[in-house]
Amino acid sequence: MERTFVMLKPDAVQRGLVGEIVNRFERRGLRIVGMKMVHVTAEFAHQHYAAHVGKGFFDGLIKYITSGPVVAMVLEGTNAIEVARATMGATNPAKAAPGTIRADYSLEMGRNLVHGSDGPESAAAETGLWFKPEELWDYRRDVDAWIYE
Ligand code: IDP
Ligand code: MG
């Protein structure tokens, strides 16, 4: 079992795609371990996207991510990090495979709907940045016996 951090960006909320996007991760078999709506400050967004400081798209990215509330989640499952990224599709929606969230619902990198941690280190760091330990839930679902061997 692995955990990953996923965030539905402001465009997902504004376009009424929260349910649709959450549904895709749920149907895949991932378990929702934590979930909340947050409108982040620029300072918080800088922390989350610290790896991108200095890049040409950085200011636009901060403006985008602070433009409205987002839905933050921690998802759990076998290979959750890789599986969540694959379900999202490539960063550039034009290059994302059909059937992925980004390909099916977006066109531009600066409005690509969803964030997912890119490895174990970022998953742990982002989960810790966005969630307190008491906001994450350890539980099993009856259906897990049919999803996990
Ligand atoms: P990821 O979200 O697929 O992990 P990253 O390279 O980590 O992609 O970039 C973070 C976010 O910054 C992207 O999801 C996208 O919204 C934005 N971004 C990345 N590269 C560009 C770019 O070249 N132009 C505009 N926005 C970009
Ligand atoms: Mg990234």
Side-chain angles (χ1 to χ4, degrees), residues 1-138 147-148:
M1 279 303 155
E2 186 175 72
R3 286 182 175 185
T4 190
F5 173 76
V6 167
M7 187 234 312
L8 312 193
K9 296 178 178 181
D11 45 343
V13 174
Q14 293 296 323
R15 293 177 56 195
L17 291 171
V18 171
E20 177 60 39
I21 294 170
V22 172
N23 189 32
R24 287 175 175 232
F25 292 114
E26 280 195 297
R27 283 189 316 190
R28 190 84 200 248
L30 295 169
R31 210 161 37 220
I32 300 169
V33 163
M35 190 180 211
K36 63 181 173 184
M37 194 172 218
V38 197
H39 192 152
V40 299
T41 62
E43 189 192 343
F44 187 92
H46 274 73
Q47 280 181 266
H48 174 75
Y49 280 125
H52 296 304
V53 172
K55 293 186 185 165
F57 60 84
F58 185 74
D59 290 350
L61 178 58
I62 299 304
K63 212 171 159 193
Y64 169 34
I65 241 61
T66 58
S67 64
V70 302
V71 174
M73 302 188 285
V74 174
L75 300 176
E76 183 173 63
T78 314
N79 302 315
I81 298 168
E82 183 186 355
V83 165
R85 296 274 302 184
T87 304
M88 289 160 46
T91 306
N92 184 349
K95 303 259 189 305
T100 63
I101 294 163
R102 284 166 167 172
D104 288 356
Y105 298 108
S106 69
L107 291 171
E108 297 187 5
M109 276 199 278
R111 296 287 184 273
N112 62 359
L113 294 170
V114 62
H115 165 88
S117 306
D118 63 6
E121 293 80 17
S122 59
E126 290 167 4
T127 297
L129 176 66
W130 287 79
F131 286 91
K132 298 181 187 128
E134 62 267 30
E135 293 175 318
L136 301 175
W137 304 97
D138 237 322
I147 299 169
Y148 301 103

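Both ligands and their constituent atoms are indexed starting at 1 by order of listing.
Among all heavy-atom pairs drawn from Asp11 and Leu113, the shortest one is OD2-N, 3.2 Å.
Nearest to atom 23 (O) of ligand 1 among the protein's heavy atoms is Met109 CE, 3.3 Å. Scanning the protein for heavy atoms near atom 25 (C) of ligand 1, the closest one is Phe57 CB, 3.7 Å. Atom 1 (P) of ligand 1 has its closest protein heavy atom at Thr91 OG1, 3.5 Å.
Distance check, rounded to the nearest 0.5 Å: CZ of Arg24 to CG of Leu17 gives 9.5 Å.
Residue Tyr64 places no N or O, backbone or side chain, under 3.5 Å from any N or O of ligand 1. On a distance-only criterion, Asn112 and ligand 1 share at least one N/O pair closer than 3.5 Å. The N/O atoms of Arg85, backbone and side chain alike, include one that comes under 3.5 Å of an N/O atom in ligand 1.
At distances below 3.5 Å, at least one donor-acceptor pair connects side-chain atoms of Glu2 with backbone N or O atoms of Ala80. Remark: side-chain polar atoms of Arg111 are not paired, donor with acceptor, to backbone N or O of Ser106 under 3.5 angstrom. Using modelled atom types, one side-chain atom of Tyr148 and one backbone atom of Gly29 make a donor-acceptor pair closer than 3.5 Å.
Ligand 1 has His52 within reach: a non-hydrogen atom of the residue lies less than 4.0 Å from it. Taking 4.0 Å as the cut-off, Leu61 counts as a neighbour of ligand 1 on heavy-atom distance. Residue contact check for ligand 1: Lys9 places a non-hydrogen atom closer than 4.0 Å to it. Every heavy atom of His48 sits 4.0 Å or more from the atoms of ligand 1.
Ring-plane geometry between Phe5 and His115 is classed as tilted, the angle between the planes lying from 30 to 60 degrees on a 0 to 90 degree scale.
Of the candidates Val74, Leu75, Ile81, Arg3 forms a side chain to side chain contact (heavy atoms under 4.5 Å, CB included) with just one, namely Val74.
Proximity to Arg102 (heavy-atom distance under 4.0 Å) selects the following atoms of ligand 1: 1 (P), 2 (O), 3 (O), 14 (O).
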(request) Carefully, step by step, assess Leu129 and Phe44 under the rule side chain to side chain contact (heavy atoms under 4.5 Å, CB included). (result) CA-CA 9 Å; Leu129 176 66; Phe44 187 92; 3.6 Å; yes
